[in-house]
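Position 1 is the first residue of the sequence, and the numbers go up from there.
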Amino acid sequence: QVQLVESGGGLVQAGGSLRLFCTASGRTVGTYIMGWFRQAPGKEREFVTAITWSSSMTNYADSVKGRFTISRDNAKNTVYLQMHSLKPEDTAVYYCAAAFESIATIWSPARKYAYWGQGTQVTVSS
């Protein structure tokens, strides 16, 4: 089992920045794709971004390209999501997730992710 804990969410004005953190614990041996998803009220959970174990490849949703950056520090078991130029439509609960690299890629849908955090709220005011 892998436990994921997100932090760093909060309230920010449009145009502002936030940095989210996802820390993994438990059975962290192994290589995992790490992803961020988000869910706004009344909407389905959507993919935001993902990164390979080696950090050699990343994938971003079109809606966040050029504004969000995913990175990871495997020595610290931590994944980061740097968000710039935030918009009100970025308001959502952001979830960190882990998928086994043997069965998933950075383009995999949410159902391929085996472990999920509890989420952290990001609210962008206009």
* To do: Please report the closest heavy-atom contact between W53 and E101, naming both atoms and the distance.
  => N-OE2, 2.8 Å

* To do: Provide the closest heavy-atom pair for I33 versus A104 in the form atom of the first, atom of the second, distance.
  => CG1-O, 3.9 Å

* Asked: What is the distance from atom CG of D73 to atom CZ of F21, rounded to the nearest 0.5 Å?
  -> 11.5 Å

* Asked: Does the pair K87/D90 count as a salt bridge with the N-to-O cut at 4.0 Å?
  -> no

* Of all heavy-atom pairs between T91 and A40, which one has the smallest distance, and what is that distance? -> O-CB, 3.6 Å

* Go through V79 and I70 one step at a time and tell me if the side chain to side chain contact (heavy atoms under 4.5 Å, CB included) criterion holds. => CA-CA 7 Å; V79 180; I70 187 172; 3.9 Å; yes

* Between R38 and A92, which heavy-atom pair has the shortest distance, and what is it? -> CB-CB, 3.8 Å

* Just say parallel, tilted or perpendicular for the rings of F37 and W116, cut-offs at 30° and 60°. => tilted

* Measuring from M83:CE to R19:CZ, what's the distance to the nearest 0.5 Å? -> 11.5 Å

* Asked: Side-chain heavy atoms under 4.5 angstrom apart, residues restricted to Ile, Leu, Val, Met, Phe, Trp, Tyr: same cluster for V5 and Y94?
  -> no

* Asked: Does Y95 belong to the same Ile/Leu/Val/Met/Phe/Trp/Tyr cluster as W107, with side-chain heavy atoms less than 4.5 Å apart forming each link?
  -> yes

* Can you name the one residue among T78, N77, I51 that meets side chain to side chain contact (heavy atoms under 4.5 Å, CB included) with R72? -> I51

* Y32/F100 aromatic ring centres below 6.0 Å -> yes

* Please answer whether the main-chain N or O of P88 pairs with a side-chain N or O of S126 as donor and acceptor at a distance below 3.5 Å. => no

* Distance (rounded to the nearest 0.5 Å) between L81 CG and T69 OG1 -> 8.0 Å

* Interatomic distance, T49 atom OG1 to N59 atom CG [nearest 0.5 angstrom] -> 6.5 Å

* Return the minimal non-hydrogen interatomic distance between M34 and C96, and the atom names on each side. => CE-SG, 3.5 Å

* Is F47 reachable from V93 through a run of I, L, V, M, F, W or Y residues, each pair having side-chain heavy atoms under 4.5 Å apart? -> yes

* Asked: Would you call F68 and W36 a side-chain contact if the rule is heavy atoms closer than 4.5 Å?
  -> no

* Asked: When rounded to the nearest 0.5 angstrom, what distance separates CD in Q82 from CG in L20?
  -> 8.5 Å

* Between L18 and L86, what is the shortest heavy-atom contact and its length? -> N-CD1, 3.8 Å

* Side-chain heavy atoms of I106 within contact of T58, under 4.5 Å -> no

* Any sub-3.5 Å donor-acceptor pair from E6's side-chain atoms to Q118's backbone N or O? -> yes

